[in-house]
Amino acid sequence: YRHSSQYRLWSFTKEQLESRRRALNVKVVDKVNEKLQDIISKHNDLSQEELNAINEKAVPVTMEEELKFVNFFAKKVQSFCHSLNLPTEVCATAISFFRRFFLVNSTMEIHPKHILLASIFLACKSENYFIGIEAFAKKTKSQPTTILKYEFDVLESLQFTLLNHHPYRPLHGFFLDIQYILHGKVDLNYMGQIYTNCKRRITETLLTDVVYHYTPPQITLACLLIDDEALTLKYLEVKFGSPPEEQKESETEGMKREETPSDTKLPSNLKLQTLTALIRECQAMILNVETLSKEEATKIDAKLHYCQNPMLL
Amino acid sequence: DYTKEKKAGEGTYAVVYLGTKKSTGRSIAVKEIKTSQFKDGLDMSALREVKFLQELKHVNVIELVDVFMANDNLNLVLEFLPADLEIIIKDTSIMFSPADIKSWILMTLRGVHHCHRNFILHRDLKPNNLLLAPDGQLKIADFGLARLMASPQEILTSNVVTRWYRAPELLFGAKHYTSAVDIWSVGVIFAELMLRIPYLPGKDDVDQINVTFRALGTPTDADWPEVSSFSNYNKIQIYPPPSREELRRRFIAATENALELISGMMIMNPKKRWDAVKCLQSQYFQELPEPTLPQDLP
Amino acid sequence: DLHKRYELVENEYNDSFIRDLQKKKEYIASGFRADFIYDRMLTEAFM
């Protein structure tokens with residue numbers, strides 16, 4: 001995973017992500033303000049009323065507003081994918097492309113509505129679910145040229161990294177391993193229900209920043225923790241933990257075992273406490289998602305619109 | 001930072017130039033993807049090359065040095081690899097030994113293993129996609145047909161792999177094949193290195209089936225359960241599998257372990273066919289002669 | 001990665017989805033391998 005482009009280029013600490021977004025917003029706000037001043041200075045016949053209107057309504061959006069607005073549209077990407085009946089992985093990749101794009105570009109430069117379809121189209125290609133541009137444009141009631149126009153912008157902003165690791169396969173992996181580790185202690189039908197619940201919750205996490213701060217397996221374990229804390233903690237304890245008194249014994253034994261590689265469980269180099277704390281953090285982040293109302297989105301949209309076209313005011 | 005000094009070749013969707021990375025003086029190849037050619041935007045082959053080469057970093061897989069857009073064209077900057085195995089095989093003035101063959105097959109299998117452990121199928125392994133670096137290292141190239149291992153219920157196209165290197169399950173039109181198709185291709189390449197001529201050169205897709213089974217025997221349900229369920233199974237000629245003696249005569253320079261390996265790579269039933277790990281751990285690579293060091297290869 | 005954090009124990013898994021696929025003719029004929037699927041899911045879970 002550490003060799004993957006997802007880890008190398010698209011994993012950040014919370015601080016890194018915040019400063020990245022803020023720097024982008026500041027840079028573009030300056031450009032927008034400059035452009036506004038330029039327009040105002042070119043139109044010295046503007047009335048005071050018109051000037052007031054521009055100063056009041058053509059206001060660049062803040063970083064916070066941008067992030068909410070992008071997430072608002074990311075949800076539209078998701079619902080578009082569902083209306084097109086696209087496979088889970090394709091939808092997840094489309095959302096990932098879309099959200100990453102706005103880590104590199106501001107909504108004040110390119111409106112999210114233009115990137116929405118290009119992200120889905122590129123995700124279909126990238127995930128071997130190819131839909132020709134004509135058919136895709138027809139299904140989405142749009143123009144082929146518009147979609148193709150932004151395809152390269154998306155590709156370039158992604159720094160040409162297309163392979164995504166989503167938490168769905170890890171979910172399947174843990175579904176298997178839990179059966180083995182908690183051998184005989186889990187009811188299969190119940191496990192099936194857990195699987196379904198977690199899959200749905202994973203889909204929700206794709207719209208949040210957890211995808212930048214945690215690895216897919218950690219996100220999966222956090223979703224499992226939300227769904228059944230007791231089962232998940234039990235599994236992790238049996239899998240990665242070992243009671244303190246045994247800790248010494250297994251360490252020495254572990255040394256011995258290193259010399260004689262056997263097929264018994266190898267001491268994991270993973271600290272249960274660290275992992276559990278990490279998953280708890282991720283869990284908290286998943287549960288604390290704020291969504292943008294349609295009214296708020298409309299307000300932000302208006303700001304974007306007037307920033308792009310102040311003379312309309 | 002890159003120059004395009006000489007046109008090295010032109011394909012359907014790309015022009016390849018030789019050049020230099022100015023900041024380091026390193027020789028590079030620039031694959032310029034014509035973006036206007038493909039009415040559906042970025043060409044699928046280019047997209048696959050970029051997608052998988054970005055994730056693979058291995059001495060036996062071609063390195064993607066950089067990717068950039070220029071004048072509306074997508075440019076892939078790849079490491080410069082002046083030769084390939086096809087050139088070596090065809091140039092009969094070049095003598096090579098069993099140790100050389102062992103070295104090339106070992107490097108090929110290491111590169112294939114790296115793809116497979118990343119769950120990437122190459123799906124177009126053949127001698128001219130196995131490029132040779134100036135230091136002798138062999139590198140797998142051209143990921144234009146590559147894809148991730150299928151999700152369980154996903155349907156795959158069987159129209160992949162250049163015909164002579166195409167596995168029997170693909171010839172039958174299988175839709176749920178695995179990385180075993182790449183191992184088959186390596187088996188055919190291994191045979192070609194020993195024979196210095198193509199091993200299974202079918203004239204067309206139908207003839208390919210015939211050539212393959214005439215050489216290796218027609219599979220039956222006994223050794224390949226449900227093979228008879230393929231729609232075109234009934235039209236094929238039944239041939240007996242070759243005896244060990246026949247294989248020895250075919251590959252006179254091959255040791256018993258070499259025959260063991262090539263047989264393992266070309267087991268008809270993909271489920272039983274050896275995977276990359278089993279090939280790499282075979283006796284063939286543990287017996288003498290040792291594989292030639294890359295820098296000493298022809 | 002010499003010490004994977006999982007052991008692939010195919011007969012321990014009760015995965016009706018994969019098991020059903022394994023019984024289908026076209027899957028058997030294609031050389032479908034459940035252990036390849038399990039290995040991939042477990043690798044993604046423990047990478």
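Each chain gets a letter, A, B and so on, in the order its sequence line appears, and its residues count up from 1.
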Quiz item: Side chain, backbone, both or neither: which part of M41(C) has an atom under 4.5 Å from a heavy atom of chain B?
Solution: side chain
Practice problem: Count the heavy atoms belonging to other residues, nucleotides or ligands that lie under 6.0 Å from CG of N159(B), then report whether that count exceeds 12. | Solution: no
Practice problem: Starting at OG1 of T178(B), measure out to CZ of R40(C) and round the result to the nearest 0.5 Å. | Solution: 12.5 Å
Quiz item: Once you round to the nearest 0.5 Å, how far does OG of S229(B) lie from NZ of K24(C)?
Solution: 13.5 Å
Practice problem: Write down the atom of S30(C), the atom of F230(B), and the distance for their closest heavy-atom approach. | Solution: N-CZ, 4.2 Å
Quiz item: Side chain, backbone, both or neither: which part of A167(B) has a heavy atom under 4.5 Å from chain C?
Solution: neither
Quiz item: In terms of heavy-atom proximity below 4.5 Å to chain B, should D39(C) be classed as side chain, backbone, both, or neither?
Solution: both
Quiz item: Would one find more than 12 heavy atoms of other residues, nucleotides or ligands at under 6.0 Å from atom NZ of K272(B)?
Solution: yes
Practice problem: Identify the heavy atoms of F17(C) and P152(B) that sit nearest to each other, and give their distance. | Solution: CE2-CB, 3.7 Å
Quiz item: To the nearest 0.5 Å, how far apart are CZ in F119(B) and CD1 in I37(C)?
Solution: 9.5 Å
Self-check item: Over 12 non-hydrogen atoms of neighbours within 6.0 angstrom of NZ in K203(B)
Solution: no
Quiz item: Heavy-atom count around E290(B) CD within 6.0 Å, excluding the residue itself: above 12?
Solution: no
Practice problem: Check each atom of E169(B) against the heavy atoms of chain C and say whether the ones under 4.5 Å are side chain, backbone, both or neither. | Solution: side chain
Quiz item: Under a 4.5 Å heavy-atom cut-off, does chain B meet the side chain of L21(C), its backbone, both or neither?
Solution: side chain
Quiz item: If you count heavy-atom pairs under 4.5 Å between each of H176(B), K271(B), H116(B), Q153(B) and chain C, which one has the most?
Solution: H176(B)
Self-check item: Y177(B), part contacting chain C, at a heavy-atom distance under 4.5 Å
Solution: both
Quiz item: Measuring from S231(B):OG to E26(C):CD, what's the distance to the nearest 0.5 Å?
Solution: 11.5 Å
